[in-house]
Amino acid sequence: MSLADRAAQMLAQPSAVEKQYKPRVEFDGVRGFIIEPPRRVDTPAPDHVDLLNKHGFDPTAVRIVENKSKHSRWQQHPEGPWLQSDRFEIEAIPTHSAKLEGLLDEIAEWKPREPVGVTGTNVFVFQASDLQLGKMDGDGVDGTIAAYLASVERAVALFSAWRDTHKLGIIHLVFAGDCIEGNVSQKGRNMWRTRLTITEQTRVFRRLLMTTIEWFAALADEIHVSVVNGNHDEAQRFQTTRPDDGWATEVAIQVDDALHMNPKAFDHIEITVPPLDQGYFTKRIGDTVFTIAHGHQWSRGKVMAWLAGQSLDHLPAAATNFVLHGHEHEFGIRSSKTRTAICSQTFDGGSNWYTEKTGAQSRRGGLAYITSGHLLVNLTEV
């Protein structure tokens, strides 16, 4: 080893290897950020549209969230210019923006209906729950909407195929709660994983509810729509409020108000939500008595015990033939001689947390079937 090498060795030190600053862009399809190189404070800030175009984003599909963006300023030495670095938070622009005014216009355009003329006391049921609209897991909101509409389409086809054989003059459309993701579940910890705001979530559900009604409207002379709130649908939890105080039922009430704007087209459709200060309800339709609940009123698998408790003091659910619910995110059925409880599976894109923990995934879809008194006919996943 030369003297020069030895001297260099003596002077060597474990200096930090610093990572040089580089502009950075990250985007997962829902949220992300753009970090721009430092600039002098006295230079113009980048235009948001130009910035998005520069990094390959479509400004009509992605936006900068200014109130979440961060800006840092510093001087490299006392006499030097002030510099600024910018971190712009970005997010996908929700694509579903139907407004109530559009709903009213659409309803007003419907022409008076022609009676179908099929009579009978058997009931065709389409049961859906746990859409949790706004949830980003799996294929997100777009996937949930696509899966739901495909399910409704299959249910319409089944009704048309079964109508004459089973004398189906009555349709019952059931929405058994957790229609939106909301922002109260798990003390709000899921808000980061929620793509849509509350108003956007309710807007999408309103459009889906109305679309479902439109697709079935001309198929029968008597149509019932039952909607209850789930735990995700609750309006708020910082105060103890009423069980009926939720977004799903509020959407149903809005649609009911709108349908009354055109009674000649929709007077055969009856929308029902729970009574004041109650989260479920019991109703006779045709020759069947239904109780509609979300399922968070009892522990998992304990629906028949809950029903037994309802019967103890002769509450309305004591007379029920069918309890229709969701909440458990998987299809399930329990029955006795004259009573049946049917749990519909989920429509959301799954739960990454549950899959990470257990490896399990829920099967997506709704249910279609016929009731005749306490009898269940043609139960089909759609």
Side-chain angles (χ1 to χ4, degrees), residues 12-99 132-146 180-204 232 348-357 361:
Q13 65 184 48
S15 300
V17 179
E18 294 185 319
K19 185 176 182 180
Q20 296 300 309
Y21 178 88
K22 293 182 179 180
R24 184 177 164 196
V25 178
E26 288 190 10
F27 184 61
D28 63 5
V30 179
R31 297 179 179 87
F33 58 84
I34 298 172
I35 299 178
E36 280 287 279
R39 61 181 176 84
R40 289 173 62 114
V41 172
D42 55 4
T43 59
D47 177 78
H48 286 185
V49 173
D50 292 341
L51 183 63
L52 291 169
N53 284 326
K54 171 185 171 183
H55 292 284
F57 296 109
D58 179 359
T60 64
V62 178
R63 64 191 174 195
I64 290 175
V65 188
E66 185 57 48
N67 64 349
K68 294 183 180 179
S69 299
K70 297 179 181 179
H71 311 281
S72 302
R73 295 184 176 186
W74 71 93
Q75 278 182 304
Q76 290 182 324
H77 54 84
E79 301 300 324
W82 280 87
L83 302 178
Q84 176 170 321
S85 68
D86 303 296
R87 175 187 168 118
F88 295 97
E89 297 294 318
I90 58 177
E91 67 180 12
I93 299 174
T95 57
H96 311 288
S97 58
K99 296 181 179 179
Q132 294 184 215
L133 292 162
K135 189 176 182 179
M136 67 177 283
D137 294 40
D139 50 11
V141 180
D142 293 338
T144 299
I145 292 172
I180 68 169
E181 175 67 4
N183 61 8
V184 296
S185 181
Q186 299 179 43
K187 299 181 178 180
R189 289 196 299 269
N190 288 339
M191 289 181 68
W192 187 90
R193 300 187 64 85
T194 304
R195 175 182 172 184
L196 304 180
T197 66
I198 290 294
T199 53
E200 289 167 336
Q201 293 173 43
T202 56
R203 194 175 305 149
V204 175
H232 281 267
D348 68 21
S351 169
N352 289 4
W353 171 84
Y354 189 70
T355 300
E356 184 86 5
K357 182 178 180 181
Q361 294 180 319

About how many Å separate [atom2] of [Y] and [atom1] of [X], when rounded to the nearest 0.5 Å?
X	Y	atom1	atom2	answer
Ile180	Leu196	CD1	CG	10.0 Å
Ile90	Phe27	CD1	CZ	5.5 Å
Leu51	Glu36	CG	CD	5.0 Å
Glu181	Ile198	CD	CD1	9.0 Å

**Item:** Which residues share a side-chain contact (heavy atoms from CB on, under 4.5 Å) with Asp58, sequence neighbours left out
**Value:** Thr60, Ala61
Which residues pass the side-chain hydrogen bond (donor to acceptor under 3.5 Å, both in side chains) test with [X], sequence neighbours left out?
X	value
Asn53	none
Gln84	Arg73, Asp86
Lys70	none
Thr199	Thr197

May I ask you to test the [X]-[Y] pair for a side-chain heavy-atom distance under 4.5 Å?
X	Y	value
Arg39	Pro46	yes
Leu133	Ile145	yes
Arg40	Leu83	yes

**Message:** Tell me the closest heavy-atom pair linking Leu52 and Pro59, and the distance in Å.
**Reply:** CD1-CA, 4.1 Å
**Request:** With sequence neighbours excluded, tell me which residues meet ring pair (Phe, Tyr, Trp, His ring centres under 6.0 Å) with Phe88.
**Result:** His48, His71
**Polar side-chain atom of Ser69 near backbone of Glu89 as donor-acceptor pair, under 3.5 Å** = yes
